[in-house]
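Comments concern the structure below.
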Amino acid sequence: MCVKDYALELNTSVRTIQYAFKKVENTTPYDWICERIIMEIKRCLLYKNLIINEIANFLGFKDPNHLTVFFKKKTGMTPVGFKNSFNDVILYDLFVNV
């Protein structure tokens, strides 16, 4: 969904939503939506153990590559790189704290 879709759902203007987000969240609606999408991708990778194709389909990306490009642009790493780095931290903690 984009900001315009939310405005239609809430029966208000895009400008009203932008103003409210700036005042309450100190961010733009677009950035807030992107943050939530990134959080959901991370959650799906770490806790649901879904593959990229399944996550892309679940979140409405038309192509899994779009999800990968979006994730890398926002986080600086690929979804697989994120999952692997998180798994490395867990494994390190398991062996160090034995």
Side-chain angles (χ1 to χ4, degrees):
M1 285 185 94
C2 66
V3 179
K4 185 177 178 182
D5 295 331
Y6 283 104
L8 288 172
E9 287 289 322
L10 296 170
N11 198 28
T12 190
S13 70
V14 170
R15 186 82 175 124
T16 300
I17 291 175
Q18 290 170 334
Y19 176 78
F21 266 86
K22 188 66 175 171
K23 188 171 182 165
V24 175
E25 295 287 333
N26 198 28
T27 189
T28 66
Y30 175 78
D31 288 340
W32 185 85
I33 292 167
C34 289
E35 287 174 25
R36 296 308 177 269
I37 293 169
I38 292 297
M39 280 194 318
E40 187 62 22
I41 293 169
K42 289 177 178 180
R43 190 177 73 76
C44 287
L45 287 167
L46 297 176
Y47 302 112
K48 287 190 168 188
N49 212 18
L50 298 175
I51 61 172
I52 302 300
N53 291 351
E54 294 169 326
I55 298 169
N57 187 44
F58 174 67
L59 294 177
F61 284 85
K62 292 181 180 174
D63 184 330
N65 290 328
H66 293 153
L67 180 143
T68 300
V69 170
F70 172 77
F71 191 89
K72 187 169 183 176
K73 181 179 177 185
K74 297 295 181 185
T75 67
M77 59 179 36
T78 65
V80 172
F82 167 78
K83 184 173 182 174
N84 290 341
S85 69
F86 196 86
N87 287 338
D88 289 346
V89 169
I90 291 171
L91 288 173
Y92 177 79
D93 283 347
L94 286 173
F95 289 112
V96 169
N97 293 322
V98 173

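Keep in mind it's a predicted model, so treat the numbers as computed, not measured.
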When you look at Phe58 and Lys48, which way does the side-chain contact (heavy atoms from CB on, under 4.5 Å) test go after all the steps? CA-CA 12 Å; Phe58 174 67; Lys48 287 190 168 188; 4.2 Å; yes
Could you tell me whether a side-chain N or O of Asp5 sits under 3.5 Å from a main-chain N or O of Cys2, the two making a donor and an acceptor? yes
What is the distance from atom [atom1] of [X] to atom [atom2] of [Y], rounded to the nearest 0.5 Å?
X	Y	atom1	atom2	result
Ile55	Arg43	CD1	CZ	10.0 Å
Phe70	Lys74	CZ	NZ	5.5 Å
Ile41	Leu67	CD1	CG	4.0 Å

Shared ILVMFWY cluster between [X] and [Y], side chains joined below 4.5 angstrom?
X	Y	result
Phe21	Leu8	no
Leu59	Ile33	yes
Trp32	Tyr19	no

Shortest non-hydrogen contact from [X] toward [Y]:
X	Y	result
Met77	Phe82	SD-CA, 3.3 Å
Lys83	Asn49	NZ-OD1, 2.6 Å
Asp63	Asn65	OD1-N, 2.8 Å
Phe71	Ile38	CD1-CD1, 3.8 Å
Ala7	Ser13	CB-C, 3.9 Å

